[in-house]
Amino acid sequence: MDYNFRELEPRWQNQWRQQGVYHVDNNSTKPHFYVLDMFPYPSGAGLHVGHPLGYIASDIYARYKRLRGYNVLHPMGYDAYGLPAEQYAIQTGQHPAVTTEKNIARYREQLDKIGFSYDWDREVRTCDPHYYKWTQWTFIQLFHHYYDTEQDKARPISELVSKLQNGSWTEGLVKPWNEMTEHEQQDYLMNYRLAYLADIPVNWCPQLGTVLANDEVVNGLSVRGGYPVERKLMRQWSLRITAYAQRLVDGLDTVDWTDSLKEIQRNWIGRSEGAAVWFPVADSNEELRFEIFTTRPDTIFGVTFMVLCPEHEMIECIVSEAQREEVMQYVSWAKNRSERERQAEVKKVSGVFTGAYAINPLTHERIPIYVSDYVLAGYGTGAIMAVPAHDSRDFAFARHFGLPIRQVVAPSVDEISDPATWDESLDSKTGVSVNSDFITGMKVRDAMRAVIDRVEQMGIGHRTVNYRLRDAIFSRQRYWGEPFPIYYKDNIPYTLPEDCLPLLLPEVSDFKPTATGEPPLGHATQWAWDEKNRKVVDNSLIDGISVFPLELSTMPGFAGSSGYYLRYMDPRNEEAYFSQQAVNYWQNVDLYIGGAEHGTGHLIYARFWNKFLFDLGLSVKQEPFQKLINQGMIQGRSNFVYRSKEDNNLFISKNIAGREEKTVAIHVDINIVDNDILDIEKFRQWRPEFADARFELEDGKYVCGWEIEKMSKSMFNVQNPDDRVERYGADTLRLYEMFLGPVEQAKPWDTKGIEGVFRFLRKFWKLYRVEDGGCQLNDQTPSKAELKTLHQTIKKVTDDIERFSFNTSVSAFMVCCNELTAANTASRQVLEPLVVLLAPFAPHIAEELWHQLGHDTSVCTAQWPAYDETCLVEDTFTYPVSFNGKMRFTIDLPSSASADDALQAIRALPEGKKWLGDATPKKVIFVPKKIVNIVL
RNA sequence: GCGGAUAUGGCGUAAUUGGUAGCCGCGCUAGACUUAGGAUCUAGUUCUUAACCGAGUGGGGGUUCGAGUCCCCCUAUCCGCACCA
């Protein structure tokens, strides 16, 4: 019987489904293990071969762990809310739910063909009300909690209110709590809630009609669609993720992630230590002062001017009449600049003098105050002390405006020079303070400490830590997302009662913003909250007494993906996000596989979400994802033809002399190219404009160029997994994707390479001599060599899986198969364990052979074979013999041989190999089972 | 500019973690079987060479009996951040 993958793969997939082989229970005495894939956004384009790479790796690991006796949670679901379905809805009128449903069905079909071992009973979809009920629920909890910096955890906001009532908390209060109106109280609490409403500068994308989070904007353009983004002040919901900044940094030390990803997160959070210092404004009657943040307090004696960001609220009060117009002009110019313009002109210095002066609190000097957009509103306090001698940006600004530059740090006390002669500032933190009063002569580190101490003593500043991380903007002016469980009474937001969740996404007549510029939910007619009857009612009933408007924006994509891994533990629970029993059993994700592009988005938000739920006592681990692997992209290998610049119908073969100057490269469909040789006839048929193409050939062939690029339709280099499964089978696809190279690495898809893996599987199949009566294997005791091959393979494959080196395990199978084929092995004792070994990689063929071998239970329930050390022990070992480190020949020695034995054996060698002769070596290096090196 | 990573045959990669560099696969070459081959099988394939010898893991230095592997300095490529005070 031949290896008929087309028949056996669907047959086993059905069988597995019917028998529920992959069903996972939360009750088990087995050890638990949780293997998770980043769930996909079901896009209209379907999967290409790059998507399943991580899924295959995790499936192999999950199957392996099962075979080793673990109860393995390995679920899958869909991140189903998102912009593309909504954009499509705006264009076509098709409801996003319909598009999404259709795409999910297509994804599922594609996934099923690859033979994954997911427990589909646990599937979650972020757009499913049973699921987003808990996203909304979490939002309500965030709203009702604040971050207690003393306990260093989230606490109910009611605790803060009690403190306010009894007067033990007065921070920022202008009058006693009890004398404040409801409005004032709510405004005050907004400054503490973990989910809060505030006017903040946001990334507004006019084309998408919505705001975007920082990680959704790259180079001033939206990640989705690539549209320009501008900064705008808007009233938005935000999550106070910055409250968790320190814990997010600290947690990185406890997880098993790559250093590069941890570093990406550390950079994104951007912790920096420094000082906050108050600078008074000179000549101000009201004792105006403003706060700055600096990481270099030691340079305070070098301050020659101050700079405020254009958004700074104090500009109004301090600007002199003479400068007012110029300053206001600059401020409005700076505010209206698009993000893209601003980023493109980073090097260009701009700014304006306010006419006001500040007083350096340590030197009592008057220093001019400027406004410039090189100071950012969102970082620190939006105001800086400028030290041009020791900060490159201040240096550029000072040079541009002819401001003084004063050196206060030098490599050593006698290396002071005239800053007028400098080409750049001296930013290094090494050296000593100079010209700096009481810190002169101190090392930078000590000087920093001394200045902060002094400033704290004087009560004009303090030691502090700043983070680059910003709070996460949580509103989107879109339709296809989770509705906020929020209604507005007298403009004050209130949460819906928890038992009224989920708040269902309403139907709308139009998916575009309303004529008045409100989000699409503004079109909904059923979108008011009846407080008394606790239900959603018609907008026309809004009376401001018991019926109120509901929030019109929806939550962003990361809302639903921030807690989904917890929901998988107990996905059908209607009473809770997940039961404590479930989370106590599964704990957290042991292995998480997905793309590195989520490093500053999902992976930060999910960690924050988890830590918040941890503070609530719901999740039981501080970190959600213990080990994380970023799978690399699979790139496409594009082919090119070269069209003559003079003659549009002429195509010149790649290696013809002078081709490069005469031609332009154009992408050609990889399906009409074989081994870089173009199929000329197919090319002519491919597109009408090529029908009359003529060619300049080499050796009678047209040779195409190639390049490794991203896999994309426009480059005609997309490999579709369905086609590969159709042609070679799921097992071949699975093995090949692993064989390609390390999971973490980006690597190109080589169209031909898959043949080799396919050949291996057929060869492997042949090894089992499958006839009508099953595998025709014998029960003879295998030879020593056969046993060695088997146990070597078990050892290698086991070790490789443990270190996630799947490409080398596949190679090990190939070597094993080659050896056993050469030895013509038919021993059941050898071949049976190999089936189990192959099962995680190629489950279908393994299952088929397992049954052909006479088993009637699934290979998924078999036991992982153990290797026998004794089979690996050699009687003799072939030593490489080196002289002075140079390898000369090999010699067979007993495994137990010593250095003396080796030396004796080498002396006894025949004439041709008498390297040593009678000479006495200076030294003999003998490493058992490694090498003999003789130093003469 | 800052941070992180990577560099090995024509190509994807491997190397028991300091011990014979190039496993496995693709491609290529030759042969066999075939009416045929984009099927299958066999042999070869780092470079140089008829062969031996020799050279060889981006470049340069160092540690070591011995370096792809460890240390220092360059170079190139990829990724992340980017006026973050």
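Numbers restart at 1 for each chain; the letters A, B, ... are given by sequence-line order, proteins then strands.
- OP1 and OP2 of G4(B) both lie 4.0 Å or more from every side-chain N or O belonging to Arg266(A).
- When heavy atoms are screened at a 4.0 angstrom cut-off, Met887(A) is found touching base atoms of the nucleic acid.
- Pairing of U63(B), defined by two Watson-Crick or G-U wobble distances under 3.5 Å, is not identified with any nucleotide.
- Heavy atoms of Arg637(A) sit nowhere under 4.0 angstrom from any nucleic acid atom.
- For the residue pair Ser425(A) and Asp427(A), a side-chain donor N or O sits within less than 3.5 Å of a side-chain acceptor on the partner.
- Contact annotation for Thr258(A): no contact, since no heavy-atom pair falls under 4.0 Å across all strands.
- Using a 4.0 Å heavy-atom cutoff across all strands shown, Thr295(A) reaches sugar-phosphate atoms only and no base atom.
- Among the protein residues, Asp799(A) comes within range of no part of the nucleic acid, since none of its heavy atoms lies under 4.0 Å from any strand.
- Atom-to-atom, CD1 of Ile264(A) to P of G3(B) comes out at 15 Å; the value is rounded to the nearest Å.
- Here Lys929(A) does not pair with Glu874(A) in a salt bridge; the nearest charged N to carboxylate O distance is not below 4.0 Å.
- Leu376(A) comes within 4.0 angstrom of a base, heavy atoms only.
- Applying the 90° cutoff around 0 to the glycosidic angle, U17(B) is assigned syn.
- Note on Asn807(A): only backbone sugar-phosphate atoms sit closer than 4.0 angstrom, heavy atoms only; bases stay farther off.
- Looking at heavy-atom distances under 4.0 Å, Ile384(A) makes contact with a base.
- Within 4.0 Å of Val924(A), counting heavy atoms only, lies no atom of the nucleic acid at all.
- Val815(A) comes within contact range of the sugar-phosphate backbone alone, with a heavy-atom separation under 4.0 Å but no base atom that close.
- Backbone-only engagement by Gln745(A) is indicated by non-hydrogen atom pairs under 4.0 Å involving sugar-phosphate atoms exclusively.
- Using a 4.0 Å heavy-atom cutoff across all strands shown, Asp674(A) reaches no nucleic acid atom at all.
- Both distances falling under 3.5 Å, in either a Watson-Crick or a G-U wobble arrangement, occur for no nucleotide opposite G68(B).
- Using a 4.0 Å heavy-atom cutoff across all strands shown, Gly380(A) reaches no nucleic acid atom at all.
- Under 4.0 angstrom from either OP1 or OP2 of U20(B) there lies no side-chain N or O belonging to Asn933(A).
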